[in-house]
Amino acid sequence: MTEQKIEDILKSGFEKITPNVLDSVLKDCKEQSGQAGKIVSIEHRRRKNPALRFAGIAAALVLLVGAFLGFKAWQTNGRVASVISLDVNPSVEIRTNKKEKVLEVIPLNEDGRIIMGGMDFEGSNLDVTVNALVGSMLRNGYLSELANSILISIDNDDPNTAAALEQKLMGMVSGLLGDAKLEGAVLGQVVNKDQTAEDLAKTYGISVGKARLIEVLMAADPKYKAEELSGLTINELNNLYAAHKATGGSGESEPIDSIGKASTRAYIGEEAAAEIALKDAGLDKDAVRIETELDWEDGCMVYDVDLEDGRYEYEYEIDARTGEILSAEKELLDAEDDDDDDHGEQPDMNESMPAPLPSSVKITKDEAKQIALQKAGLTADKVTDARVKLDVEDGKTVYEVEFLSDGFEYEITIDAETGEVLEYEREEHS
Amino acid sequence: MSTAANAVSQADNKTLDALIAAIAEGNMDPLEELYRLTATPVHSFALSILRSRHDAEDVLHDCYLSIVRSAGSYRSHGKPMAWILTIARNLSLSKLRESGREFSLDDENTGGYEAPSDAVDIEEKMLLEACLNQLGDQERQIVTLHLTAGFKHREIASLLELPLSTVLSKYHRALKKLRAMVA
């Protein structure tokens with residue numbers, strides 16, 4: 001059997017085994033039609049945690065017995081009433097009793113251990129503890145002009161107490177940062193029994209608070225993956241959160257309270273990113289429509305810059321820290337006529353690829369490689385595994401040049417007729 | 001399922017973008033069309049990750065609910081299919097986690113994936129089962145993405161976060177394997 005035949009059979013096989021669930025999807029959509037089209041952060045199935053229910057019963061029993069035997073203060077004083085997590089990149093969890101006395105502080109990551117130093121908080125007031133921890137984050141450089149965001153999450157069974165605590169701590173931390181001459185960005189939220197976030201937190205070893213922020217971001221953009229976002233700092237997440245709020249957001253009341261703006265000083269800024277893209281595309285600022293957005297892609301903070309000059313659309317991804325162009329694409333805007341689509345036919349992997357018209361090949365393989373190297377700012381002796389392939393893409397005959405250099409993989413597509421660079425991609429080689 | 005042959009490769013991005021935009025406005029009619037054009041790749045991709053008929057069907061269902069919910073926040077980067085398949089991938093991976101499986105089912109536990117005999121002919125059944133039971137995790141995913149979504153190797157590389165060269169070599173190796181199996 002030929003490979004082509006195998007592909008064809010699999011294709012039709014996959015089509016035939018696709019079950020039809022459309023009716024049930026439509027039915028479920030109608031049921032939530034009140035919400036259709038709105039983005040709600042993932043609905044939390046509030047599963048009752050059996051352990052907590054048991055704790056509730058136990059607490060009731062203790063109270064009864066307490067009433068009988070005379071109330072013993074230490075019994076309630078030793079019980080956790082609130083869990084407060086502080087995330088910057090250091091993450092710590094503070095457990096307090098009803099009277100806001102600290103029972104314990106648990107570091108959730110290595111940075112958390114560092115900021116705790118040898119400090120012992122048991123028995124201290126919550127205010128004193130938060131003050132000391134934020135102070136230590138400032139001293140150790142975790143909170144700075146480059147990264148000014150901190151997330152405060154409160155878990156307390158009583159929503160009023162939780163909300164009051166959130167307000168109080170947000171105000172306090174914001175004041176502390178102000179005292180340190182820092183324009184801080186403070187995020188606050190109440191995270192009572194959010195099962196999805198708890199699962200995420202467990203999976204990635206992060207605080208429930210950070211997990212919930214990630215959950216909100218993933219609901220806003222399904223492209224994001226929890227395993228990647230969990231490695232980001234709150235400042236980076238806060239920037240993504242702000243970007244999503246700016247481009248529409250949910251329109252709902254925001255699930256997370258926010259004071260101040262996340263620092264973008266570690267980044268080159270939207271304007272600089274746009275300039276880099278414009279220069280590379282050889283376009284004038286006034287002649288194009290520009291859209292810039294901070295995003296997280298392929299493991300780093302990037303500016304997505306889209307340019308449109310009426311004829312072409314350019315898509316750039318620019319490293320937000322270094323300003324380096326990570327990828328560039330140029331596409332004809334009016335694409336209907338030439339089947340220009342990313343998943344139309346895929347001649348590049350099929351044996352039955354239409355042969356490139358010889359007349360449309362005006363440059364040689366070597367020239368194509370030279371153009372590609374020049375675009376990448378490299379010379380032939382700096383690259384390995386170079387491959388140059390003639391291909392037909394979107395009805396155009398192109399050279400696809402691939403090579404490795406210094407741990408990066410380059411893929412550059414060059415018009416075989418004009419030598420124009422149509423696509424440039426550089427990514428870390430794993 | 002009467003998916004038109006090669007529906008996906010005919011559906012261009014603009015069509016899909018327009019459908020998603022209409023869904024975002026709360027209109028449910030375009031959902032049928034979107035489903036018709038994309039259900040096979042979504043289901044196949046989920047199946048290639050999960051290797052369970054039941055779980056893949058769940059993901060197929062949840063994926064379209066999620067599309068309806070998130071359509072409002074979708075920003076076209078000209079890659080609607082990648083967006084849809086990213087949703088399918090996230091749902092599949094959380095399904096794996098939910099069921100406590102680190103990786104997809106292995107044949108010893110389940111006897112492997114069995115294609116429904118009433119839906120496919122014998123050749124199709126044989127190849128589907130060979131593809132889903134005998135290929136490695138990444139090979140399965142690469143093959144299904146290429147064949148059902150019509151993804152190019154670089155699109156697959158970016159969706160699966162693999163180097164381009166890996167995708168290329170795995171695809172060709174997978175086809176060789178399949179060829180040897182059915183020889």
Side-chain angles (χ1 to χ4, degrees), chain A residues 1-3 6-7 9-22 24-26 28-30 35-40 199 203 218-223 225 244 247-248 250-251 298 304 306 313 315 331 335-336 339 341-346 348-349 385 402 409 411 425 427 429-430, chain B residues 1 3 8-9 12-13 24-26 28 31-32 35 39-40 43-44 57 60-61 64-66 68-73 75 77-79 81 83 86-87 90 97 115-116 119-120 123-125 127-128 131 143-144 146-155 163-165 171 175 178-179 182-183:
Chain A
M1 203 183 286
T2 63
E3 294 194 350
I6 290 174
E7 288 179 329
I9 294 173
L10 274 175
K11 247 191 230 178
S12 75
F14 273 120
E15 242 163 57
K16 289 184 191 166
I17 59 167
T18 304
N20 192 348
V21 298
L22 180 60
S24 112
V25 170
L26 289 173
D28 286 358
C29 283
K30 270 203 199 98
Q35 307 170 351
K38 276 191 245 162
I39 324 131
V40 209
D199 290 347
T203 313
M218 282 175 31
D221 190 343
K223 171 190 80 190
K225 300 191 187 69
H244 279 287
T247 55
S250 63
D298 301 330
D304 284 333
D306 289 358
E313 181 177 7
E315 277 183 36
E331 265 176 20
E336 269 105 324
D339 179 35
D341 97 36
D342 274 351
H343 17 81
E345 292 161 69
Q346 54 290 353
D348 39 354
M349 274 206 247
D385 298 301
E402 287 172 41
E409 186 173 325
E411 194 197 350
E425 233 177 290
E427 52 186 40
H429 182 64
S430 40
Chain B
M1 182 75 219
T3 319
V8 182
S9 44
D12 70 13
N13 293 325
E25 281 164 16
M28 282 305 108
L31 184 61
E32 290 196 42
Y35 182 89
T40 294
H43 176 260
S44 310
E57 189 167 333
L60 178 63
H61 174 267
Y64 288 92
L65 284 187
S66 180
V68 171
R69 271 203 302 269
S70 325
S73 64
R75 255 184 89 242
H77 292 284
K79 294 170 183 160
M81 198 64 216
W83 180 70
T86 302
I87 299 177
N90 287 340
R97 275 199 293 274
V120 291
E123 262 187 337
E124 288 163 341
K125 184 174 162 68
L127 270 169
L128 284 171
C131 171
V143 168
T144 39
H146 178 58
L147 292 181
T148 67
F151 265 27
K152 294 179 187 175
H153 54 236
R154 100 180 109 76
E155 295 171 305
L164 191 64
S165 49
Y171 184 80
L175 272 196
L178 289 173
R179 202 171 165 183
V182 297

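Reminder, nothing fancy here: chain letters follow the sequence lines and each chain counts from 1.
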Q: Indicate the atoms forming the closest heavy-atom contact of A:C29 with B:L31, along with that distance.
A: SG-CD2, 4.1 Å
Q: Please name the pair of heavy atoms, one in A:I17 and one in B:P116, separated by the smallest distance, quoted to 0.1 Å.
A: CG2-CD, 3.7 Å
Q | When A:L26, A:V25, A:D221 are compared by non-hydrogen pairs under 4.5 Å with chain B, the top option | A | A:V25
Q) Do side-chain atoms of B:R179 reach the backbone of A:M1 as a donor and acceptor pair under 3.5 angstrom? A) yes
Q: Go through B:L127, B:T86, B:V120, B:L178 and name the one with the most non-hydrogen pairs under 4.5 angstrom from chain A.
A: B:L127
Q) Taking side chain as C-beta onward, heavy atoms only, is B:H61 less than 4.5 Å from A:D28? A) yes
(Q) So B:L164 and A:E427, do their side chains get closer than 4.5 Å, heavy atoms only? (A) no
Q. Using non-hydrogen atoms only, which part of B:S165 is less than 4.5 Å away from chain A: side chain, backbone, both, or neither?
A. both
Q: Show the numbers, then the answer: is there a side-chain contact (heavy atoms from CB on, under 4.5 Å) between A:V21 and B:Y35?
A: CA-CA 9 Å; A:V21 298; B:Y35 182 89; 3.4 Å; yes
Distance check, rounded to the nearest 0.5 Å: [X] atom [atom1] versus [Y] atom [atom2]?
| X | Y | atom1 | atom2 | answer |
| --- | --- | --- | --- | --- |
| A:K223 | B:K79 | NZ | NZ | 9.5 Å |
| A:E3 | B:Y171 | CD | OH | 8.0 Å |
| B:H43 | A:N20 | NE2 | CG | 11.0 Å |

Q: Please assess B:V182 against A:I9 for the test side-chain contact (heavy atoms from CB on, under 4.5 Å), listing each intermediate value before the final yes or no.
A: CA-CA 12 Å; B:V182 297; A:I9 294 173; over 6 Å; no
(Q) Can you tell me which residue among B:T148, B:T144, B:L147 is in a side chain to side chain contact (heavy atoms under 4.5 Å, CB included) with A:L10? (A) B:L147
